[in-house]
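Report on one structure; see the data block that follows.
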Number of protein chains: 2
Amino acid sequence: MWCAVHRLTTRVSAFSLNSAATSSRRYNAQSVALRLSSSTSEASPLTVIPRVKAADATEASEGPVLVKGWVRTLRKQKEVAFVQINDGSNLGGIQCVVPLSEIDEDTKKELDKVSTGCAVVIEGPLVKSQGGKQAVEVTANKLKVVGECPGDTYPLAKKRHTLEYLRTIAHLRPRTNTIAAVARVRSHLAGAIHAFFQEVGFVYVQTPLITASDCEGAGELFRVTTLEMDKISDLPLKKTEDGKGTTDEIDHSQDFFGKPAYLTVSGQLGGETYASALGDIYTFGPTFRAENSQTTRHLAEFHMVEPEMAFADLDSAMGNAEQMLKYVVKHVLDKCQEDLEFFSKFYDKELIKKLEALVEQPFARVSYRDAIAYLQEEIAKDPSKWQFPDVEFGTDLSTEHERWLAETKFGSCVFVYNYPKAIKAFYMRDNDEDGGETVNAMDLLVPGVGELVGGSQREERLDVLLDKMGELKLDPEDYWWYLDLRRFGSVPHAGYGLGFERLVTYVCGIENIREAIAYPRYPGHAEF
Amino acid sequence: MWCAVHRLTTRVSAFSLNSAATSSRRYNAQSVALRLSSSTSEASPLTVIPRVKAADATEASEGPVLVKGWVRTLRKQKEVAFVQINDGSNLGGIQCVVPLSEIDEDTKKELDKVSTGCAVVIEGPLVKSQGGKQAVEVTANKLKVVGECPGDTYPLAKKRHTLEYLRTIAHLRPRTNTIAAVARVRSHLAGAIHAFFQEVGFVYVQTPLITASDCEGAGELFRVTTLEMDKISDLPLKKTEDGKGTTDEIDHSQDFFGKPAYLTVSGQLGGETYASALGDIYTFGPTFRAENSQTTRHLAEFHMVEPEMAFADLDSAMGNAEQMLKYVVKHVLDKCQEDLEFFSKFYDKELIKKLEALVEQPFARVSYRDAIAYLQEEIAKDPSKWQFPDVEFGTDLSTEHERWLAETKFGSCVFVYNYPKAIKAFYMRDNDEDGGETVNAMDLLVPGVGELVGGSQREERLDVLLDKMGELKLDPEDYWWYLDLRRFGSVPHAGYGLGFERLVTYVCGIENIREAIAYPRYPGHAEF
């Protein structure tokens with residue numbers, strides 16, 4: 001056994017240890033010297049040289065370090081060459097200065113192979129940078145190209161590309177500044193969402209994606225099946241009689257789950273079952289809508305954060321949503337400064353100010369009735385300015401209304417609460433005080449983006465819920481398990497949903513939700 | 001506006017604020033006094049009384065607190081009643097002692113309604129417990145039942161149920177000790193996985209679940225469609241000629257994505273694209289296998305953690321997997337002590353010792369060739385003891401072999417590496433030193449569970465990868481984007497996959513993977 005271990009440990013290649021995995025951020029880095037000849041043919045003695053990532057290169061080093069990444073630009077002068085390396089750990093990368101008169105023949109030959117996009121390993125000390133942009137740079141004593149990148153075929157060879165073009169090469173677009181920065185910010189947002197809920201004692205529940213019920217009735221569903229769907233003759237059939245004759249129907253009892261199954265549109269109902277046992281829970285996972293929508297705000301596959309709290313009302317839900325958003329945005333302001341500055345520069349000049357305001361200003365709260373009154377008053381001044389000037393109790397607010405409320409009327413994030421029953425879902429709790437006209441629902445409207453969060457207190461009273469379902473002709477049999485929560489130890493509870501990709505677009509100041517996710521899914525698009 | 005805010009803030013109900021959301025763990029709790037009459041009919045002055053969760057009840061309080069949860073047991077004596085409350089925040093819950101001679105008439109009436117499973121709110125001071133089990137208990141001056149639970153119909157009224165029965169009431173089973181403890185441990189494991197990777201600078205990438213390619217060739221796939229699938233006559237058809245005649249084929253160009261689409265079996269290939277730009281990434285999300293499997297180890301919908309590291313080899317992948325597992329298991333040992341003690345008591349006496357050993361012992365490493373030699377030597381002693389005594393180079397190890405290696409030969413977690421090419425996937429990197437017979441693949445074998453992690457260094461050389469695909473008759477056209485990674489700035493890279501539900505069963509010491517997830521999906525089962 002130990003012999004085997006030893007053999008593996010010494011079977012090192014030039015690029016053997018990944019220092020991020022065993023990284024200086026937490027773990028001690030061990031890395032192996034750059035050997036410029038082929039790693040298999042030469043038995044050179046090992047020297048441990050630490051790998052440094054661009055994000056961690058803040059101070060001059062005592063000895064040589066390894067820098068591994070992809071070349072962004074190469075600029076050759078008479079005495080020196082400047083190689084700008086990006087390793088994905090930050091936006092700016094790291095500058096490598098190659099002293100042309102001091103390098104050996106091998107490195108000279110390698111330097112001739114360098115082009116935009118190629119992968120290199122560089123060895124040399126980190127020294128104080130003489131330019132102003134970065135604190136340190138590498139003096140590259142040795143350089144090796146590990147993966148070439150032919151400029152005549154590389155789809156990213158040119159410097160600027162449109163975001164539309166980049167979507168067609170979604171496997172390469174994270175190599176661009178914009179998409180790499182989105183990926184880093186998105187990752188920090190997701191990490192902070194988990195950190196927030198774990199810190200406040202919420203249990204993370206992964207609710208199922210495949211479901212045999214369409215409980216939200218949210219409309220367009222994807223069907224999931226293992227039935228053979230190439231030739232009609234492969235499908236299992238059963239004949240049904242309807243008086244007028246027989247029809248061939250597909251026999252779903254032969255499908256994988258023994259009945260029709262779908263991709264979920266929300267984890268909420270499952271979340272309620274766990275909140276009714278564990279108190280406070282959250283979900284964070286994919287959801288699906290088969291809407292034939294080509295807007296910049298919709299995806300067929302997206303991610304939702306759905307907390308659910310037992311012994312809680314609408315006020316708790318609003319309080320939790322506000323705290324959570326402030327927490328995660330503050331986290332990103334702290335951790336992604338360079339990326340946010342990039343977005344400020346190229347996408348939204350007001351971005352950082354906007355995010356700081358979200359963290360610092362209390363969110364406003366306004367009832368739906370009052371919001372309608374404010375809108376009516378404003379629209380009356382000049383109805384011609386509005387696309388939808390007819391606003392009254394019962395109107396489903398459109399984006400222009402939502403943005404006016406957040407951006408102009410309140411100048412901050414604003415919760416609108418107590419919506420008309422008729423425009424909200426069946427499971428939302430009736431307001432007793434309000435003549436039965438409204439439910440305990442809320443939407444959070446955010447300047448620049450509109451609705452970001454929607455939530456409600458759930459109807460926990462069995463009789464009221466059954467009445468509401470009756471009005472909507474929903475069959476209680478389909479909801480037996482959901483109704484059980486109201487039969488056995490029912491408690492007031494509330495929750496909300498946050499569209500994660502909308503949060504990403506908002507925090508990055510970008511327009512299109514298709515840039516907020518690695519591989520966007522929308523009608524006609526499921527490549528990669 | 002501020003008027004509206006004020007109105008909402010004072011529109012409190014008896015159970016208005018959820019203190020976990022604004023919790024004592026991090027945020028200051030604000031909670032509202034228990035008003036025993038209906039919250040709508042009485043305008044009593046507000047008193048802020050903090051809510052305390054069972055997990056946070058460690059010290060006597062200065063004044064009264066609110067405890068909100070579900071009743072596990074009620075025991076009435078002459079002078080006092082003991083109400084054991086569980087709020088999901090921990091296993092043990094909290095004991096409430098009701099001094100019968102000191103409570104008012106309302107509370108007496110409420111006490112008569114208490115039964116197992118009902119939801120209650122209790123008000124009174126936390127005091128040092130006189131029993132030995134808990135540090136503190138509540139002296140319940142007031143009690144209110146907020147959700148009754150009729151014992152004659154409550155499916156959990158009896159104390160002990162089989163796990164099989166509990167699966168049929170998966171919406172209620174988190175109210176049991178076992179499933180609640182699994183949920184808490186699972187949540188801590190997931191939180192720790194995110195925390196680990198975020199700390200070491202990996203970028204979280206959410207790879208798509210809907211895909212138009214079956215790149216792993218992993219066999220049984222779920223199809224995703226929006227075609228109307230009730231009547232045959234609803235399906236769009238196209239006729240195809242094959243020489244022998246025409247066939248009716250389903251026209252997938254009319255489907256949502258314009259072609260057949262499936263649920264992914266792995267995020268790896270997408271992960272590789274992001275690692276080739278951002279360096280170190282991880283995925284953590286659902287994956288799907290439509291295997292007709294009824295074992296205790298397989299689910300149709302499960303979760304995988306798939307890190308991918310650029311400039312990394314197999315050694316890096318093993319090192320990272322070992323660090324990650326030690327980190328997350330240590331986290332759970334620290335945070336879930338009470339739950340782990342419960343599992344030790346009822347499911348696996350050796351559990352905590354086993355988990356501590358995982359954290360403390362270095363993982364062994366053995367080449368596949370050496371592992372085969374060890375097995376041959378052992379089997380030769382008494383072949384009749386083995387179900388599969390024929391073991392030679394090329395054998396796909398079975399669970400009895402894997403468990404012997406981990407449990408007996410090494411007595412620890414063990415990485416087996418350098419597997420025969422023929423039994424591993426096409427994208428794994430050929431070992432140059434080994435006569436082309438093996439690839440840089442590894443499996444982590446864990447005592448008591450078998451394979452928990454599988455990984456490899458990926459083949460980064462375009463020509464070698466194309467040769468391998470040719471041998472397997474894979475069409476390079478289908479993999480154009482995957483091959484692009486080898487065309488443009490290719491780097492040595494490696495990664496692995498961890499089956500999250502297997503980790504949950506292992507850490508909880510439970511047998512069946514169907515208990516490791518909230519709503520298990522397997523053939524014939526997609527309820528709830």
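A, B, ... follow the sequence lines: proteins, then strands. Residue 1 opens every chain.
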(request) Give, as side chain, backbone, both or neither, the part of B/V120 having an atom under 4.5 angstrom from any heavy atom of chain A. (result) backbone
(request) Using non-hydrogen atoms and a 4.5 Å limit, figure out which bit of B/P150 sits close to chain A: side chain, backbone, both or neither. (result) both
(message) At a 4.5 Å cut-off on heavy atoms, which part of B/Y522 comes close to chain A: side chain, backbone, both, or neither?
(response) backbone
(message) Which one wins on heavy-atom pair count under 4.5 Å against chain A: B/E301, B/H525, B/E249, B/H303?
(response) B/E301
(request) Measure across A/L263 and B/I210 and return the closest heavy-atom pair with its distance rounded to 0.1 Å. (result) CD1-CD1, 4.1 Å
(message) Please report the interatomic distance CG(A/L278) to CG(B/N86), rounded to the nearest 0.5 Å.
(response) 8.5 Å
(request) Take A/F257 and B/F222 through the ring pair (Phe, Tyr, Trp, His ring centres under 6.0 Å) test and state the conclusion after the steps. (result) CA-CA 11 Å; A/F257 296 108; B/F222 287 105; 5.7 Å; yes
(request) Go through A/C118, A/A183, A/A371, A/A170 and name the one with the most non-hydrogen pairs under 4.5 angstrom from chain B. (result) A/A183
(request) Specify the closest pair of heavy atoms between B/A300 and A/F256, including all atoms of both residues, with the distance to one decimal. (result) CB-CE2, 3.7 Å
(request) For A/A518 and B/Q206, work out which heavy atoms get closest and say how close. (result) CB-O, 4.2 Å
(message) So, taking the atom named CG in B/L172 and the one named CG in A/L485, what distance separates them when rounded to the nearest 0.5 Å?
(response) 7.0 Å
(request) Below 4.5 Å from any heavy atom of chain A, which atoms of B/T247 appear? Answer side chain, backbone, both or neither. (result) side chain
(message) For the OG1 atom of A/T273 and the OH atom of B/Y519, what is their distance to the nearest 0.5 Å?
(response) 2.5 Å
(message) For the CZ atom of A/F202 and the OG atom of B/S89, what is their distance to the nearest 0.5 Å?
(response) 12.0 Å
(request) Let me know if B/A317 has heavy atoms under 4.5 Å from chain A in its side chain, its backbone, both or neither. (result) neither
(request) Let me know if B/L237 has heavy atoms under 4.5 Å from chain A in its side chain, its backbone, both or neither. (result) side chain
(request) Mind ranking A/C149, A/G489, A/G147 by heavy-atom pairs under 4.5 Å with chain B and telling me who comes out on top? (result) A/G489
(request) Go through the atoms of B/H194 and report whether side chain, backbone, both or neither lie under 4.5 Å from a heavy atom of chain A. (result) side chain
(request) Check each atom of B/D230 against the heavy atoms of chain A and say whether the ones under 4.5 Å are side chain, backbone, both or neither. (result) both
(request) Sort out for me which of B/H252, B/H188, B/M229 touches chain A most, counting heavy-atom pairs under 4.5 Å. (result) B/M229
(request) With a 4.5 angstrom heavy-atom cut-off, could you sort out which part of B/T176 is near chain A: side chain, backbone, both or neither? (result) neither
(request) Heavy-atom distances under 4.5 Å only: say whether A/R186 touches chain B with side chain, backbone, both or neither. (result) side chain
(message) Please identify, among B/I517, B/N292, B/V71, B/T153, the residue contributing the most non-hydrogen atom pairs under 4.5 Å to chain A.
(response) B/T153
(request) Any chance you could measure B/R184, atom CZ, to A/I281, atom CD1, to the nearest 0.5 Å? (result) 14.0 Å
(request) Can you tell which part of A/A275 gets under 4.5 Å to a heavy atom of chain B, answering side chain, backbone, both or neither? (result) backbone
(request) Give a yes or no answer on whether the side chain of A/Q198 reaches the backbone of B/S187 with a donor-acceptor pair at less than 3.5 Å. (result) yes
(request) Using a 4.5 Å cut-off on heavy atoms from C-beta on, say whether the side chain of A/V146 contacts that of B/E460. (result) no
(request) Please report the closest heavy-atom contact between A/W481 and B/H171, naming both atoms and the distance. (result) O-CD2, 3.2 Å
(request) Between chain B and each of A/R521, A/E148, A/R486, count heavy-atom pairs under 4.5 Å; write down the option with the most. (result) A/R521
(message) Within the 4.5 Å heavy-atom criterion, are B/E220 and A/T226 side-chain neighbours or not?
(response) no
(message) Under the criterion side-chain contact (heavy atoms from CB on, under 4.5 Å), I'd like the reasoning laid out for A/L66 against B/F311: C-alpha separation, chi angles, the key distance, then a yes or no.
(response) CA-CA 11 Å; A/L66 297 180; B/F311 298 98; over 6 Å; no
(request) Could you look at B/S276 and say if it's the side chain, the backbone, both or neither that has a heavy atom under 4.5 Å from chain A? (result) both
(request) Sort out for me which of B/V491, B/L209, B/D87 touches chain A most, counting heavy-atom pairs under 4.5 Å. (result) B/L209
(request) Find the one option among A/G258, A/G191, A/A190 whose heavy-atom pairs under 4.5 Å with chain B are most numerous. (result) A/G191
(message) Is B/V205 in contact with chain A via its backbone, its side chain, both, or neither, using a 4.5 Å heavy-atom distance?
(response) side chain
(request) May I ask you to name which of B/S233, B/P174, B/G88 has the most heavy-atom pairs under 4.5 Å with chain A? (result) B/P174
(request) Pick one of side chain, backbone, both or neither for B/L235, based on which atoms fall under 4.5 Å of a heavy atom in chain A. (result) side chain
(request) With rounding to the nearest 0.5 Å, note down the distance linking CG in A/D248 to NZ in B/K231. (result) 11.5 Å
(message) Quick check on A/A290 against chain B: is it the side chain, the backbone, both or neither that has a heavy atom closer than 4.5 Å?
(response) both
(message) Ignoring hydrogens, what is the shortest heavy-atom contact between A/I179 and B/Y274? Give both atom names and the distance.
(response) CG2-OH, 3.8 Å
(request) Provide the closest heavy-atom pair for B/F528 versus A/T211 in the form atom of the first, atom of the second, distance. (result) O-OG1, 3.8 Å
